Amino acid sequence: MKRVFIDLVVVPLSGRQAILKDKNGRIKLFLKSPPEGGKANCELVKYIAGILGLVQQDVSIVNGATSRKKRIAVATPLTLEVVLQLLGIENQIKLL
C-alpha cells in the first residue's frame, strides 16, 4: 500500500474540529485538544483516520510531532486528490 503525504498546520484548543484551506493555500486543521502530552497529535490521527474510514495505524505524523507545522502520511490505495476530496479540501482548492 502506498503512502500519501499531506502538509498542514494544526491549531490546538480551537474548540472545534475542522479542516480548512487558508488564504495562503495552507491546509489548517482545527482541534479541540491541548498540545500537551501529545493529546492534539492523538486527536489529529483519530480525526483524519475517521474521515477517511481508516484505522489509526494507517495515519502517522512523519514530521513536526512537537510543532504546529506537520507532515502526515496516510497509508491508502487512494490518490492524493481523492484523499483531499474526502477531507473536503479539494472543493476549497477549486474555489481559490
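None of the values given here were measured: they were computed from a predicted structure.
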message: Taking the side chain as everything from C-beta on, heavy atoms only, tell me whether Leu44 gets closer than 4.5 Å to Leu29.
response: yes
Ile51: side-chain contact (heavy atoms from CB on, under 4.5 Å) partners, not counting sequence neighbours: Ile19, Tyr47, Leu87
Just distance, no hydrogens or angles: give the donor-acceptor pairs under 3.5 Å from side chains in residues 1-10, sequence neighbours left out.
from: Asp7; atom 1: OD1; to: Arg71; atom 2: NE; distance (Å): 2.7
from: Asp7; atom 1: OD1; to: Arg71; atom 2: NH2; distance (Å): 3.4
from: Asp7; atom 1: OD2; to: Arg71; atom 2: NH2; distance (Å): 2.9

query: Less than 4.5 Å apart, any side-chain heavy atom of Val82 and any of Thr76?
result: no
message: For Arg26, give me all partners under side-chain hydrogen bond (donor to acceptor under 3.5 Å, both in side chains), at least two apart in sequence or on another chain.
response: Asp22
message: Working to the nearest 0.5 angstrom, can you tell me the gap between Leu54 CG and Leu78 CG?
response: 7.5 Å
- prompt: Roughly how far apart are Thr66 OG1 and Asn63 CG, rounded to 0.5 Å?
  reply: 10.5 Å
- request: Name all residues meeting the side-chain contact (heavy atoms from CB on, under 4.5 Å) criterion together with Ser67; count only those two or more places apart in sequence or in a different chain, and write none if there are none.
  value: Lys69
- request: Look at the side-chain heavy atoms of Ile, Leu, Val, Met, Phe, Trp and Tyr, link any pair under 4.5 Å apart, and say whether Val62 and Ile72 land in one connected group.
  value: no
task: Using the side-chain hydrogen bond (donor to acceptor under 3.5 Å, both in side chains) rule, collect all pairs that involve residues 50-60, keeping only residues at least two apart or in two chains.
output: none
Considering only distance and modelled atom types, tabulate donor-acceptor pairs under 3.5 Å from the side chains of residues 33-41, sequence neighbours left out.
from: Ser33; atom 1: OG; to: Glu43; atom 2: OE1; distance (Å): 2.5
from: Asn41; atom 1: OD1; to: Lys70; atom 2: NZ; distance (Å): 2.9
from: Asn41; atom 1: ND2; to: Ala65; atom 2: O; distance (Å): 2.8

- prompt: At their closest point, which heavy atom of Val45 faces which heavy atom of Val59, and how far apart are they?
  reply: CG1-O, 3.7 Å
